[in-house]
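Reminder, nothing fancy here: chain letters follow the sequence lines and each chain counts from 1.
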Protein chains: 2
Amino acid sequence: MTGKSANVTMADVGALAGVTARTVSNVLSNHPSVRPETRDRVLRAVDQLGYRMNTSARGLKTGRTGSITLAIPDLGIDYFNELARRVIVESERHGWSVVIQQTGARRETELDILSGARRQHSDGLIFQPHALGPGDEKHLTGNDRLVILGDRIFNGPVDHVAMANTDAARLATQYLIGRGRTRIAAIGSNPGVSTISAASLRLQGYLQAMQEAGLPTPPERIVVAEEWHLRDGAVAMTHLLRLDERPDAVFCFNDTLAIGALHAAAMNGVRVPDEIAVVGFDNVPAAQYAFPPLTTIEPGTEQIAKMAVDLLAARVNGRTDPPREIFTDSSLVVRRSA
Amino acid sequence: MTGKSANVTMADVGALAGVTARTVSNVLSNHPSVRPETRDRVLRAVDQLGYRMNTSARGLKTGRTGSITLAIPDLGIDYFNELARRVIVESERHGWSVVIQQTGARRETELDILSGARRQHSDGLIFQPHALGPGDEKHLTGNDRLVILGDRIFNGPVDHVAMANTDAARLATQYLIGRGRTRIAAIGSNPGVSTISAASLRLQGYLQAMQEAGLPTPPERIVVAEEWHLRDGAVAMTHLLRLDERPDAVFCFNDTLAIGALHAAAMNGVRVPDEIAVVGFDNVPAAQYAFPPLTTIEPGTEQIAKMAVDLLAARVNGRTDPPREIFTDSSLVVRRSA
DNA sequence: CATCTTTGTTTCATCGATGAAATGCCACGA
DNA sequence: TCGTGGCATTTCATCGATGAAACAAAGATG
């Protein structure tokens, strides 16, 4: 029987149950020494009044808010919503709610996140920067409970959970080379961002593999795509298909680009993988249901989410050893697009 | 110059600036009567100490937390992450952060959301229920600042923002009929959920259109899919393609199912739309980049997000008129899959 | 020049839950 | 019988920001 829960406090509940607010608190936080009979009485009163804990009050006293912030570029990118999904699930184990902030990959907004301007007072921050990079370490000050995701952007004293971008990109490219492809293009380069961003690291992996195999990488085959949306993949692929010397394979820096690229290929009647092979990166759920199913890099998203949340939890619980840098295992998932 | 922001309070900032905590508060909340010179001094002190407002304390005093909760079944479904993306953007205008809760479409979890057990004390709730339905109105008690999305599930006194599910589904089906299709199947039915859930309403629209046209709807052409994930769409389509009397069109109850279905068609060498036409529902970004591009219902997601947030804001700001029920405009987006 | 406004700042109490410590009660052993 | 210790509950102060109202100083008004 739940009543109007206007402004019911622990004191109100206590009054009804014949105890003090403090005892109500004890009951609700499972303090060991509460008589079972009292516990029942209090819980009944809680129910009757429709009492809900005021998290602001608790937060003020305890210094914990019970929520963490996840800051990512854009929920519209499959990889990020998959990541968000998993971070939320993992956070539940620690009793945390998750506030999601979209930075739009804008430097200004990313700075706001670090400074706290655009962030609720939360117990911690899991942050995948995009526009920030080395040299921005000074903006980290005051963010002790922070885990950086994705790129090893900062040298400062921060925990990092990263995928092995370069190695995985090299692996993907090597696979294409091993299949006999020679004119291998890349989609997703972005000269505007830092040299340790995902875009740059994946490009490096691609270049390494090509160089090791003695294959050429003419500039027109390395297509810039700033946004990594479906649309950008399609545009890039259309461009590649129009080249005089058409590539026989494309390595896309994420699956979203790859799916856009597959679309462009199909629209132009170009057969994949016969005429052009396509490899992606991220292994998002949609990759498996693309046509043809997308060969891609599995970066260990689940592992990333879990590690990030656990690492943050450890920090919040007072772990003070030096910041760690964790690389997840990645692997190539071979499907039919390459 | 940002320093260790351990536990800096307004009082500390005030001490440095030579004013009271109250004046600091005035500065930070843009109170009109503060001398410019004082304002500068305070802001400098804020910067110097790396002060960050304690939102718990503010929340305790003002009764506002500055965040709202968005409860949806699963961020893994394209429609929902698109919705989340937009809700976050709209909420920014009102200065709200958004906490996202995934219910997994589980009744138990949905009840926890309403009761507040699984929800931070937030300024309001935008909730798309799935397993709850008529008869569960009693669980609404105590949730005054609430906007229900999607299905007109409750008769109780709550604001609703809904799409015209039945009408839109009828429209989609009528379009297929108008293109000369007669053996039209449906994917996404779910007998387990309430009669006013999206699944049921869309099925009704489909059935209405078929009946009006005098077309048969044998049970084997109405495929159950409880989850509405890519996988379910693929499985359902595979099933349909194996029928003795193969359908010449499919209406999928969402785009994710439709994209899964397209995949199954392609894997079986069945040409779309020549051999079988496919229509989806939701017009998610991926629909446009499916192959062939997906004909689908545009349900006005942007409008839904905006209305929901604005309606909630109005309630929070004390609007007290009777709850409203808003239906968004939907339309058919014709592409090449049908 | 005394009074009334306006402007800028301060004082004080308060929001609701919890940490620390005190209290009352009962059981138990010597 | 008295002390000792454990259990259950209470008392009290406190976290940090803000609403209400008081206050001081500077201008406006007659």
Side-chain angles (χ1 to χ4, degrees), chain A residues 5-43 45-46 49-67 95 116-117 120-123 142 317-318, chain B residues 5-43 45-46 49-67 95 116-117 119-123 142 318:
Chain A
S5 72
N7 269 335
V8 187
T9 76
M10 283 191 171
D12 299 331
V13 174
L16 181 60
V19 294
T20 315
R22 195 62 184 79
T23 299
V24 177
S25 171
N26 283 338
V27 170
L28 294 181
S29 48
N30 289 315
H31 186 92
S33 57
V34 173
R35 223 174 350 142
E37 195 252 330
T38 309
R39 155 167 273 110
D40 289 348
R41 210 145 28 91
V42 168
L43 289 179
V46 162
L49 297 176
Y51 170 76
R52 292 187 193 176
M53 169 109 82
N54 183 324
T55 41
S56 293
R58 156 182 266 186
L60 175 57
K61 191 68 176 104
T62 63
R64 302 261 179 107
T65 62
S67 64
Q120 285 293 328
H121 205 75
S122 59
D123 290 350
N317 291 327
Chain B
S5 72
N7 269 333
V8 187
T9 76
M10 284 191 170
D12 299 332
V13 174
L16 181 60
V19 293
T20 316
R22 194 62 184 81
T23 298
V24 177
S25 170
N26 283 339
V27 170
L28 295 181
S29 49
N30 289 314
H31 186 92
S33 57
V34 174
R35 222 174 351 143
E37 195 252 329
T38 310
R39 154 167 274 109
D40 288 348
R41 210 145 27 89
V42 167
L43 290 178
V46 162
L49 297 176
Y51 171 76
R52 293 186 192 175
M53 169 110 80
N54 182 325
T55 40
S56 293
R58 157 181 266 186
L60 174 57
K61 191 67 174 91
T62 63
R64 301 262 178 106
T65 63
S67 64
R119 175 156 63 96
Q120 286 291 329
H121 205 76
S122 61
D123 291 350

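Between N26(B) atom CG and dT18(D) atom C1' there is a gap of 9 Å when expressed in whole angstrom units. The interatomic distance linking K61(B) (NZ) with dC15(C) (C1') rounds to 6 Å, in whole Å. To the nearest angstrom, C1' of dA17(D) lies 18 Å from CZ of R52(B). Atom CG of L28(A) is separated from atom C1' of dA17(C) by 10 Å (rounded to the nearest Å).
Side-chain N/O atoms of T20(B) include one lying less than 4.0 angstrom from OP1 or OP2 on dT10(C). Within the 4.0 Å cut-off from OP1 or OP2 of dT18(D), at least one side-chain nitrogen or oxygen of S25(B) is found. Proximity of R22(A) to the phosphate of dA20(C): no side-chain N or O atom is located under 4.0 Å from OP1 or OP2. One finds a side-chain N or O of R35(B) lying less than 4.0 angstrom from the OP1 or OP2 phosphate oxygen of dT9(C). Between T38(A) and dT9(D) there is a side-chain polar atom (N or O) within less than 4.0 angstrom of OP1 or OP2. S33(B) has no side-chain polar atom (N or O) that falls below the 4.0 Å cut-off from OP1 or OP2 of dT7(C). The phosphate of dT18(C) has OP1 or OP2 within less than 4.0 Å of a side-chain N or O from R58(A).
Residue-level contact check: T23(A) touches the bases, meaning some heavy atom is under 4.0 Å from a base atom.
Side chains of R35(A) and V27(A) form no contact here, defined as non-hydrogen atoms less than 4.5 Å apart. In this structure, the side chains of E37(B) and V42(B) stay at 4.5 Å or more apart for every pair of heavy atoms. At least one side-chain heavy atom of V24(B) sits less than 4.5 Å from a side-chain heavy atom of V19(B).
For N54(A), whose side chain is taken as the heavy atoms from C-beta onward, the closest listed nucleotide among dA17(D), dG16(C), dT9(D) is dG16(C). Closest to the side chain of Y51(B), out of dA17(C), dA17(D), dT10(C), is dA17(D). Closest contact between the side chain of V19(A) and the listed nucleotides dA17(C), dT10(D), dG16(D) involves dT10(D).
In summary, the side chains of N26(B) and R22(B) do present a donor paired with an acceptor at a separation below 3.5 Å, with no hydrogens or angles considered.
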